[in-house]
**Q** 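First the structure, which I've put down as structure tokens, then a few questions once you've had a look.
Computed from heavy atoms alone, side chains included, the values below leave out hydrogens, waters and symmetry copies. Only a predicted model underlies this, so the values are computations on that prediction, with no experimental measurement involved. Each chain gets a letter, A, B and so on, in the order the sequences are listed, and its residues count up from 1.
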There are 2 protein chains.
Amino acid sequence: MTASVESVAEMAGVSVSTVSRALRDIPGVSSATRKRVQEAARELGYSASPAASRLATGRTRAVGIVVPVLAKWFFGKVIGEAAQTLREAGFDVLLFELATLAQRERFFGGAHLHGRTDGVIIIALQPTGDELELLASQGQAVALLGAEAPGIGSVSVDNAGAGQAAVRHLLNLGHERIAFIGIRDDDGSNLGGVPPLQRLMGYREALSTAGLPQDVTLEQFDENSVAGGALAMSRLLVSEHVPTAAFVASDEMAFGVLKVLRKAGLDVPRDFSVLGFDNHELGDVVDLTTMDHEVAEQGRDAARILLDVLDGRSPAAIVRPARLVVRETTAPPRALRLAAGTPDSSHSAGHPGTP
Amino acid sequence: MTASVESVAEMAGVSVSTVSRALRDIPGVSSATRKRVQEAARELGYSASPAASRLATGRTRAVGIVVPVLAKWFFGKVIGEAAQTLREAGFDVLLFELATLAQRERFFGGAHLHGRTDGVIIIALQPTGDELELLASQGQAVALLGAEAPGIGSVSVDNAGAGQAAVRHLLNLGHERIAFIGIRDDDGSNLGGVPPLQRLMGYREALSTAGLPQDVTLEQFDENSVAGGALAMSRLLVSEHVPTAAFVASDEMAFGVLKVLRKAGLDVPRDFSVLGFDNHELGDVVDLTTMDHEVAEQGRDAARILLDVLDGRSPAAIVRPARLVVRETTAPPRALRLAAGTPDSSHSAGHPGTP
DNA sequence: TGACCTGTTGCAAGCGCTTGCGGTGGCGGT
DNA sequence: ACCGCCACCGCAAGCGCTTGCAACAGGTCA
């Protein structure tokens, strides 16, 4: 067992209250005794019992991070950054994974956080007003990442704008039949959430300002995974009039899309352009063109926002822009290249302009 | 603020001690009053203050999970599984990321965990004897994942065996010049750790039992990332006698290897076979042949082992086997195929046996 | 020289639980 | 009818800190 305040007090020849004050840099202790106390504490390897000081102060110096899933690159990244910032500020970080609806209900069902954390960062989950109230009633400071709520600090991405930008890139390349592959919110556990929806809105907006017709058969939704992307793309492949490009709401789904296209013998980007979203760490491996949104920064922002709330400062609601990262999966559609007489080295049949 | 024991006691018409006992299913309370107390607690939305009960019992009902990095698939996966098991057992989970050597030293430098957790799962980090002692002196139960230590519960993979198996697969395909691409432990923070070393040992063992010469130029090490894999493979490409296959110590590095090969115009697996390690979630996207080692199960095992230690049961030291997952990046070497007259549809020149 | 600060320290009352122990009451056995 | 036992319950003493308040110095100012 480790030393307690009393042993330190005894060793330094002062009272426990002085020890407490000295060790926490609270005024009212002469610098001489403070030094003496610190030395004694170090010598004894003393570190205050968190349980006791929590009980006495009512503050835990711990914060929770709530995520829908852990085993995805985005969440690992974001949590890692947030946790580091939090830890530097002297906070412990508790992890809560709300993978199923049942877990979510249980989490928000009772005073789960009460006395465990001072605040919580909620990631990629849109809390209801009731849930936010419940957290507030437990005295929890709240910061949102990938969601917004009135009066609550948050950091998110301009998903609508990013969606528009992405689609505009495809339009600018000359594509006219552009599909949207999005995330389906199947079990209500909000794995999809608001951001993907906004990406869809951006897609529609871009199409309509370009004067192109809406076509619901071009919008395909599935679970946010490689397999989901593959399924959605497969559905697109059997449509009457196959699109020439797709804006995919997540890189992981885009990976599935690429896989299906490859298996179908289609050449990317000659036959089909793919534009993802996330700038996934592994996007570079398959040369995926994508929308980057500075994931690490978002994590840090969220942590800082929470610290602001904890310090009584009024929290910001940051909206970050996304930017296009051009790699190798987008290009002008084949028809355009043919019309322009561009040399085409693929396995296509007709070579107009060739003797 | 939430209700306290006293309010519940008052409501149920009993003493606080009875409330405490009733709510924790401790014998010595008639089932009638127990029910009454539980009802009162529910009605008041009561949940015991963890700080107070920690202080009183000395147990925290929280465990720490220590990882070198978070933003990697393997760690996210393993943590997710472990955390879920732990949570089901009623434990909070604290996260500690030891990304740098400095962080590691700080973590093990003081009584960092004391009073915060009852135990800790250490993942992919080989603790020294001193470090283990320090944890023990803080009353921490310990479970290791991806490492072993005498007397400590652990779960790990038979890396040496898996390495041998992997190389044997390549040998069986007919390869004779097989490279090893491993993880370099550059900054001493043990990102590589013991398991990768054992994989190397397995590689060497397999080669020597096959009667093949050791060739250190075939062993390339770099950081465990796509970029690291790419660099290592690039080094192999300039060797005097380029190998025909590589066993890569992590899938992520293997992704980098594949990328370089593709960019170099080499066909996988016709010109070069690649065999990874991890069965990374995204391995399927690039059809990577790899060694699977049931990552999720390891996470669950580690959690259960820790729970065993906490319950006073003697912990197991599980060693899991790995198994080959055959996909599309391994095949017999070109020379063999040519000799056998196998039709070869690649861009190769000679087509023996063709009219 | 005495009243009055100001800066430093200690006292003691909590914070909200847990738990050993002692006190009930009802019951069966003699 | 008495005794002893047992099941159930409450008392109160902590657990190891924090913090308002009082106490005590050693000045300063009149």
**Q** Side chains of V8(A) and V5(A): closer than 4.5 Å at any heavy-atom pair?
**A**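 SC-SC contact between V8(A) and V5(A) ruled out.
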**Q** Sequence neighbours left out, cut at 3.5 Å: what donor-acceptor pairs do the side chains of residues 84-92 of chain B make with other protein atoms?
**A**
unit_1, atom_1, unit_2, atom_2, d
T85(B), OG1, E81(B), O, 3.2
R87(B), NH2, L95(A), O, 3.2
D92(B), OD2, R116(A), NH1, 2.8
D92(B), OD2, R54(B), NH2, 3.4

**Q** Look at T33(B) and dC9(D) and indicate whether a side-chain polar atom (N or O) is within less than 4.0 Å of OP1 or OP2.
**A**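 It does, given that an N or O in the side chain of T33(B) lies less than 4.0 Å from OP1 or OP2 of dC9(D).
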**Q** Looking at the side chain of S15(A), which of dT19(D), dG10(C), dT18(C) is the nearest nucleotide?
**A**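 Taking heavy atoms from C-beta onward, the closest nucleotide is dG10(C).
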**Q** Of the listed nucleotides (dT18(C), dG16(D), dT9(C)), which one gets closest to any side-chain atom of R24(B)?
**A**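 Per side-chain heavy atoms of R24(B), the pick is dT18(C).
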**Q** I want to check one thing: is the phosphate of dC9(D), taken as OP1 and OP2, less than 4.0 Å away from some side-chain N or O of S30(B)?
**A**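 Answer is yes, contact under 4.0 Å.
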**Q** Counting side-chain heavy atoms from C-beta on, which of dT19(C), dT18(D), dC17(C) comes nearest to A56(B)?
**A**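 The answer is dC17(C).
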**Q** What is the distance, rounded to the nearest whole Å, between atom CZ of R36(A) and atom C1' of dT9(C)?
**A**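 Distance, rounded to whole Å: 11 Å.
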**Q** For R61(A) and dC15(C), give me the distance from atom CZ to atom C1', rounded to whole Å.
**A**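 Distance check: R61(A) CZ to dC15(C) C1' gives 18 Å.
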**Q** Could you verify whether a donor N or O on one side chain and an acceptor N or O on the other, from S20(B) and R24(B), lie under 3.5 Å apart?
**A**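 Distance-only check passes for S20(B) and R24(B).
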**Q** Which nucleotide, dG16(C), dG20(D), dT18(D), lies nearest any side-chain atom of S53(A)?
**A**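 Minimum distance to the S53(A) side chain belongs to dT18(D).
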**Q** As a test of reading the structure: which of dC17(D), dG16(C), dG10(D) is closest to the side chain of T18(B), going by heavy atoms?
**A**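 Of the options given, the side chain of T18(B) lies nearest dG10(D).
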**Q** Remember a base hit wins even if backbone is also touched, and classify S17(A) as base, sugar-phosphate or nothing at under 4.0 Å, heavy atoms.
**A**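 Since a base atom lies under 4.0 Å of S17(A), the category is base.
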**Q** Without decimals, in angstroms, what is the distance between H114(A) NE2 and dC15(C) C1'?
**A**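 Taking NE2 of H114(A) and C1' of dC15(C), I get 12 Å after rounding.
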**Q** By nearest atom, which of the nucleotides dG16(C), dC17(C), dG10(C) is closest to the L55(A) side chain?
**A**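 Taking heavy atoms from C-beta onward, the closest nucleotide is dG16(C).
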**Q** Could you check S31(B) against E6(A) and say which one's nearest nucleotide on DNA chain D is further toward the 5' end?
**A**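 Nearer the 5' end of the strand: S31(B).
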**Q** Can you tell me how far P of dC11(C) sits from CZ of R21(A), to the nearest Å?
**A**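 Taking CZ of R21(A) and P of dC11(C), I get 12 Å after rounding.
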**Q** State which of dT18(C), dG16(D), dC11(D) makes the closest approach to the side chain of S20(B).
**A**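 Shortest atom-to-atom distance from the side chain points to dT18(C).
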**Q** Separation of I26(B) atom CD1 from dC17(C) atom C1', in whole Å?
**A**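 In whole Å, dC17(C) C1' and I26(B) CD1 are 12 Å from each other.
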**Q** Determine the contact category for R54(B): base if any of its heavy atoms lies under 4.0 Å from a base atom, sugar-phosphate if only primed atoms, P, OP1 or OP2 are that close, otherwise nothing.
**A**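 The residue R54(B) makes no contact with any strand.
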**Q** So V63(A) and L94(A), do their side chains get closer than 4.5 Å, heavy atoms only?
**A**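 Not touching, per the 4.5 Å side-chain cut-off.
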**Q** Please report the distance, rounded to the nearest Å, between CD in E10(B) and P in dG16(C).
**A**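 These atoms are roughly 15 Å apart.
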**Q** For the side chain of V16(B), starting at C-beta, report the closest nucleotide among dT18(C), dG10(C), dG16(C).
**A**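 Of all the options, the side chain of V16(B) is nearest to dT18(C).
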**Q** Do S17(A) and S15(A) have side-chain atoms, one donor and one acceptor, less than 3.5 Å apart?
**A**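 On atom types as modelled, these side chains qualify, holding a pair under 3.5 Å.
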